[in-house]
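These notes concern the structure reproduced below.
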Amino acid sequence: MKINAKLWITAYLVLCLGALAAVAAVVVKVDPFFHYHAPRTDVYYYELFNERSQNNGITRHFDYDALITGSSVTENFKTSEMDEIFGTNSIKVSYFGAYYKEVNDNIRVALENNPKLKTIVRGLDMNYFILDKDDMHDEQGTFPTYLYDDNLFNDVNYVLNRDVVFNRVYPMLTENDQEGFVPGIASFDDYGFWMSGYSCGIHYIRPDGVPVKGAGEPVHLTQEEEDILMENIRQNVTALPAEYPDVTFYYFFTPYSSIWWQSKVEEGTIYQQLEAEKLVIEELLKYDNIKLYSFNLLTDYTTDLNNYVDTVHYASWINTLILRYMYDGKCLLTEENYEEYLASELEFYTSYDFSLVNEQVDYENDYYAEALLNEEIKGVAPLEVSEVTALPDGGFEVLIEDVSAYDYLVFDARNTQERQMEVCLYDGEGELLDVYTAEEGKLDGEWHQYLEDVSHVAGSVRLVFNGEYAPEDENGEEKASAVDFRGIVFY
């Protein structure tokens with residue numbers, strides 16, 4: 001009996017270990033975090049969903065020659081735009097809330113594992129200048145260090161992780177059997193992208209308005225703070241450019257909103273902030289392969305809260321603008337202009353009337369701010385519709401020869417519960433592409449703005465509107481009809 005018991009226990013242990021080994025082998029084979037190998041996109045479909053678990057594997061095993069990184073204010077960058085503008089094959093490996101060390105450590109991994117990497121775009125959060133060089137952001141939970149080292153023994157935290165096995169690997173295995181399954185990987189454009197979950201404008205950021213106080217007593221940078229800053233910058237910002245002189249580092253100060261600057265003015269710490277910024281600029285300008293940009297003097301944008309979801313996080317179209325400006329060399333800081341830049345920055349934000357933000361118009365559609373930027377980003381002037389053709393059975397139509405250069409159709413409409421607007425979009429062959437109707441909250445007889453995405457449409461189009469075009473009486477005064485339209489513009 002004793003022998004049988006021992007054999008039974010041994011057999012049971014062997015069976016359990018074998019089962020665990022089999023599970024571990026499947027995790028290694030599928031590898032949703034890319035810890036062991038590049039994604040097997042010919043067999044499985046990979047979601048990009050966990051930056052701190054997947055970024056290290058991405059930087060180690062993916063094929064790329066350019067990299068976008070930084071904290072949450074870099075998550076809205078699109079690699080498709082980066083590749084179109086810079087002619088690269090890029091990845092995005094942002095870290096929500098990341099301090100400088102975490103970002104820099106990952107760039108080092110990328111450079112050590114990928115000799116093709118020649119272009120790095122990195123945001124430098126101005127909030128993080130005066131942080132200890134080894135500080136790590138820990139509010140996102142326990143950092144998965146086992147995914148960042150070469151210790152096979154602690155990989156048990158990955159290969160036998162309940163969440164990984166049942167919520168990641170198992171669904172990836174079973175979805176292969178579904179009809180119409182297509183293997184592949186999610187887009188880096190969507191990786192970490194948070195814009196769709198937020199709104200912009202003063203009524204979202206400060207629904208009760210922005211109170212304005214007087215300027216505080218000046219606070220200046222101390223020697224201790226200067227020492228901390230320099231250690232942080234030299235370890236986590238300039239060390240890699242010094243080691244890799246053939247790699248171009250596109251650094252930029254993340255452009256915070258005017259109400260962030262307002263807090264600095266009212267606290268008196270704007271002097272400390274700009275003194276720190278001066279030290280950072282002077283240190284970075286020592287390196288020929290660092291291109292340093294600041295967009296803080298694009299004050300038409302920083303003072304317009306329609307471009308922000310909070311005091312520091314800007315909308316995705318600002319990310320697009322940053323890429324375009326960096327490629328074009330706009331807002332580049334140099335030895336010749338940085339002192340004038342700092343003086344202008346101090347002058348503007350210490351003299352700006354912050355109460356003006358309370359008078360801003362909050363766009364009815366957030367993406368109208370992006371539409372207005374299309375000319376600046378793409379060099380395409382808005383197309384304002386000035387001629388319409390009345391239709392025999394009512395309504396009117398608009399013919400456009402080519403909408404390929406435009407991303408948005410914008411117009412105003414006024415309608416009621418009794419009859420609501422309808423706009424039909426046809427292509428050049430007469431095929432119906434889209435039908436636009438009013439949302440429930442806009443059927444109140446008041447003018448409302450509509451913004452429709454037409455970036456997927458190319459060539460000639462025909463728009464059919466089921467109402468009157470900006471109707472006026474014989475005296476030129478506005479009169480209401482069942483459904484009215486005005487201000488039709490392609491951006």
Side-chain angles (χ1 to χ4, degrees), residues 1-64 69 75 91-98 102 105-106 108-110 112-114 136-188 190-193:
M1 292 294 294
K2 290 182 180 180
I3 295 177
N4 289 340
K6 288 181 179 180
L7 288 175
W8 185 87
I9 292 173
T10 301
Y12 178 76
L13 290 175
V14 169
L15 182 64
C16 289
L17 290 173
L20 292 174
V23 170
V26 173
V27 172
V28 171
K29 179 182 179 182
V30 178
D31 200 10
F33 293 167
F34 323 117
H35 185 51
Y36 301 103
H37 55 76
R40 299 182 61 191
T41 54
D42 58 330
V43 181
Y44 308 110
Y45 185 82
Y46 291 82
E47 295 287 352
L48 297 175
F49 63 93
N50 190 320
E51 293 168 343
R52 284 174 168 79
S53 292
Q54 293 180 304
N55 280 356
N56 186 265
I58 291 170
T59 56
R60 286 178 183 270
H61 300 298
F62 279 45
D63 178 35
Y64 58 95
T69 190
E75 289 177 318
I91 60 171
K92 180 175 65 177
V93 280
S94 302
Y95 291 85
F96 182 85
E102 184 174 356
D105 286 350
N106 187 253
R108 179 174 292 280
V109 170
E112 290 176 348
N113 287 272
N114 186 356
M136 298 280 282
H137 194 275
D138 58 5
E139 294 181 10
Q140 304 306 309
T142 304
F143 193 84
T145 54
Y146 52 88
L147 294 173
Y148 286 72
D149 59 32
D150 296 320
N151 182 354
L152 291 176
F153 293 101
N154 64 17
D155 283 3
V156 65
N157 294 288
Y158 174 47
V159 297
L160 296 181
N161 183 295
R162 178 186 295 271
D163 178 68
V164 172
V165 172
F166 292 104
N167 295 330
R168 305 302 170 194
V169 174
Y170 179 73
M172 291 176 68
L173 292 171
T174 56
E175 69 182 358
N176 292 46
D177 299 327
Q178 297 177 8
E179 184 178 353
F181 169 75
V182 178
I185 190 168
S187 168
F188 276 109
D190 300 325
Y191 186 29
F193 189 89

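Note that the numbering runs from 1 along the sequence shown for the chain. Since the structure is predicted, the reported quantities are computational estimates derived from the model, not experimental observations.
At least one donor-acceptor pair under 3.5 Å links the side chain of Asn157 to the backbone N or O of Asn154. Listed for the Gln54 side chain is a donor-acceptor partner under 3.5 Å among the backbone atoms of Pro32.
Note: Arg168 CZ to Glu47 CD = 8.5 Å, rounded to the nearest 0.5 Å. Atoms CG and CD1, on Asp63 and Ile91 in that order, are 10.0 Å from each other to the nearest 0.5 Å. The distance from the NZ atom of Lys92 to the CZ atom of Phe193 is 7.5 Å, given to the nearest 0.5 Å. Within the model, atoms CZ of Phe33 and CG of Leu48 stand 11.0 Å from one another, a figure rounded to the nearest 0.5 Å. In this structure, Ile185 CD1 and Tyr44 OH are separated by 14.5 Å, a value rounded to the nearest 0.5 Å. Note: Phe96 CZ to Glu75 CD = 6.5 Å, rounded to the nearest 0.5 Å.
Residues Val109 and Asn113 share a closest heavy-atom pair of O-ND2, 2.7 Å. Annotation for His37 and Val28: closest pair NE2-O, 2.8 Å, computed over non-hydrogen atoms. For the residue pair Leu147 and Tyr158, the shortest heavy atom distance occurs at CD2-CG, 3.8 Å. The two residues Thr69 and Val93 have their closest heavy-atom pair at OG1-O, 2.8 Å. Between Arg52 and Pro144 the shortest heavy-atom distance is O-CG, 3.4 Å. For the residue pair Asp163 and Asn167, the shortest heavy atom distance occurs at OD1-ND2, 2.7 Å.
Within a 6.0 Å radius of CZ in Phe49, more than 12 heavy atoms belonging to other residues, nucleotides or ligands are found.
Contact check for Asn176 versus Val43: side-chain heavy atoms found under the 4.5 Å cut-off. Using a 4.5 Å cut-off on side-chain heavy atoms (C-beta onward), Tyr36 and Lys29 make no contact.
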Stepwise side-chain contact (heavy atoms from CB on, under 4.5 Å) test for Phe188 and Tyr64: CA-CA 12 Å; Phe188 276 109; Tyr64 58 95; over 6 Å; no

Pair His137-Phe143, side-chain contact (heavy atoms from CB on, under 4.5 Å): steps then yes or no: CA-CA 9 Å; His137 194 275; Phe143 193 84; over 6 Å; no

Test log, rule side-chain contact (heavy atoms from CB on, under 4.5 Å), inputs Tyr146 and Val156: CA-CA 9 Å; Tyr146 52 88; Val156 65; over 6 Å; no

Audit row: Leu20, Val23, side-chain contact (heavy atoms from CB on, under 4.5 Å) steps and yes/no: CA-CA 5 Å; Leu20 292 174; Val23 170; 5.6 Å; no

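Residues Tyr148 and Asp105 have side chains that never bring a donor and an acceptor to within less than 3.5 angstrom of each other. A donor atom on one side chain and an acceptor atom on the other are found under 3.5 Å apart for Asn55 and Tyr191.
Taking the six-membered ring where the residue is Trp, the centroids of Phe181 and Tyr45 are separated by 6.0 Å or more.
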